[in-house]
Amino acid sequence: MTRKLRMGMIGGGKDAFIGAIHRIAANMDGLIELAAGALSINNEIAIESGKMLFLDPERTYTDFKTMLEKEAIMPADKRLDFVTIVTPNFAHFEPAMMALDLGFNVVVEKPITFSLEEAKLLKAKVEATGLILLLTHTYTGYPMVKQARQMVKDGVLGKIRKVWVEYPQGWLSRLSEREGNAQAAWRTDPKKSGKSGCMGDIGTHAANLAEYISGAKIEKLCADLNIMVPGRALDDDGAVLLRFDNGAAGVLMASQVAAGEENALKIRVYGEKGGLEWAQHEPNTLLVKWLDKPTEIYRAGGGYSFQSGYMTHNTRTPGGHPEGYLEAFGNLYRNFAQTLSAKIDGVQPSPESLDFPGTEEGVRGMAFIDNVVRSSQSEAKWTTFEI
């Protein structure tokens, strides 16, 4: 890289959770600088957030359209390289399309859009423009998730037969959306979140992780969605049986009413010879289970012979120093930044740098939501995964 990449942010002001996470991730490797922002639809919050982040007042905006239009005509040495969109689900599509039309690469918080139709249009726009889009499916950024994926790809487990993935949370065990919880309010509102609550929010993460590690695509599913808290408008709990295109069977559980749970994402993948187990609460550990010998415990760092290049590329510290959610987020931004910088410099990015989620994962995520809702509402239950 010959210089830092210049980032503009839409959403993510001082009153937002995920905006700060994105900024930490973007800053982690010193490859990116925040140069402009339209940080809130509230003018006062937008301006105050810009001041808190020491943005140039001339590049602190109160609406994204003005920001994109003015930033598009900036001189080359000031022009933004990409735009990060961290608004609620319903406000992803319009700024993403406008940014691409004006020549900006895009980072967008998951899910990619509000609907499958929007996701397809956005994918087509990215392909037509030749620009780059990063979708922040954070859990694919963990080093031991990279290791698990590579081991499956290398055939270490043999043919994959079974995938179990679960994501229990407990934060919506009460009707928090009516108790002043802003996150709960928009995430449970069909007009802002979409046609699914729990499955759209965290079930998509579980499905993405299952496909990422197994290397297989969901082909059929049978879903049961529930509203456990009376008065809630969208599902807060659900389970899905899965069939993959390689013949494997799977089970996916997601719940936001598992009282006492935090973000207990866990996946197990089993093949003919053995299995893998990874849990986000212990992200530096990968259990490798064998049919005919004791279970092995793989740890990130340490320079062990088992480590794949993809794992070491995404490992930041020596063994024994935990790397968690922020580092995984940072890995996505670093890989995106390295890929974008390589494109700017006219060189080929490494395969490890190219390993980040984009529009394909975004479209599949929105299709997952549609198919799960359709299956849950159908008496036939088993549904062919349609895109």
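This chain uses plain numbering: 1 for the first residue, then up along the sequence.
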Side-chain heavy atoms of [X] within contact of [Y], under 4.5 Å:
| X | Y | result |
| --- | --- | --- |
| Phe329 | Ile21 | yes |
| Glu277 | Ile267 | no |
| Arg334 | Met28 | no |

Drop me the distance from [X]'s [atom1] to [Y]'s [atom2], to the nearest 0.5 angstrom.
| X | Y | atom1 | atom2 | result |
| --- | --- | --- | --- | --- |
| Leu39 | Thr60 | CG | OG1 | 7.0 Å |
| Leu287 | Thr295 | CG | OG1 | 7.0 Å |
| Tyr310 | Leu354 | OH | CG | 8.0 Å |

Parallel, tilted or perpendicular: which describes the rings of Phe336 and Tyr333, with under 30° parallel and over 60° perpendicular?
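It falls in the perpendicular class, over 60°.
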Not counting sequence neighbours, which residues clear ring pair (Phe, Tyr, Trp, His ring centres under 6.0 Å) with Trp164? List them please.
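Residues passing ring pair (Phe, Tyr, Trp, His ring centres under 6.0 Å) with Trp164: Tyr270.
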We want to know whether [X] and [Y] form a side-chain donor-acceptor pair, criterion being a heavy-atom distance below 3.5 angstrom.
| X | Y | result |
| --- | --- | --- |
| Gln338 | Ser353 | yes |
| Asn331 | His313 | no |
| Ser176 | Asn181 | no |
| Glu323 | Thr317 | yes |
| Ser196 | Asp235 | yes |
| Gln280 | Asn263 | no |
| Thr315 | Thr312 | no |

For the side chain of Tyr142 and the backbone of Tyr325, is there at least one donor-acceptor N/O pair under 3.5 Å apart?
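Here the side-chain-to-backbone pair exists.
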Side-chain donor or acceptor of Lys146 paired with backbone N/O of Asp355 under 3.5 Å:
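Between the backbone of Asp355 and the side chain of Lys146 there is a qualifying donor-acceptor contact (under 3.5 Å).
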How about [X]: does its [atom1] atom have over 12 heavy atoms from other parts shown lying under 6.0 Å from it?
| X | atom1 | value |
| --- | --- | --- |
| Glu33 | CD | yes |
| Ile24 | CD1 | yes |
| Glu296 | CD | yes |

How far apart are the C-alpha atoms of Lys273 and Asp292, what are their side-chain angles, what is the distance that settles it, and do they pass the salt bridge (Lys or Arg N to Asp or Glu O under 4.0 Å) test?
CA-CA 8 Å; Lys273 303 174 185 178; Asp292 53 2; over 6 Å; no
Salt-bridge criterion met for [X] and [Y] (N-O under 4.0 Å):
| X | Y | answer |
| --- | --- | --- |
| Glu71 | Arg79 | no |
| Arg374 | Glu386 | yes |
| Asp101 | Lys125 | yes |
| Glu94 | Lys65 | yes |
| Asp81 | Lys4 | no |
| Arg174 | Glu179 | yes |

Kindly indicate whether a cation-pi arrangement holds for Arg243 with Phe385, taking the cut-offs as under 6.0 Å to the six-membered ring centre and within 45° of the axis.
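The answer is no, since Arg243 fails at least one limit relative to Phe385.
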Solution key, residues 340-347 side-chain donor-acceptor pairs under 3.5 Å, sequence neighbours excluded:
unit_1: Ser341; atom_1: OG; unit_2: Ala337; atom_2: O; d: 3.0
unit_1: Lys343; atom_1: NZ; unit_2: Gly130; atom_2: O; d: 2.4

Begin from the C-alpha positions of Asp245 and Lys217 and carry the test salt bridge (Lys or Arg N to Asp or Glu O under 4.0 Å) through to its verdict.
CA-CA 6 Å; Asp245 60 4; Lys217 302 297 184 185; over 6 Å; no
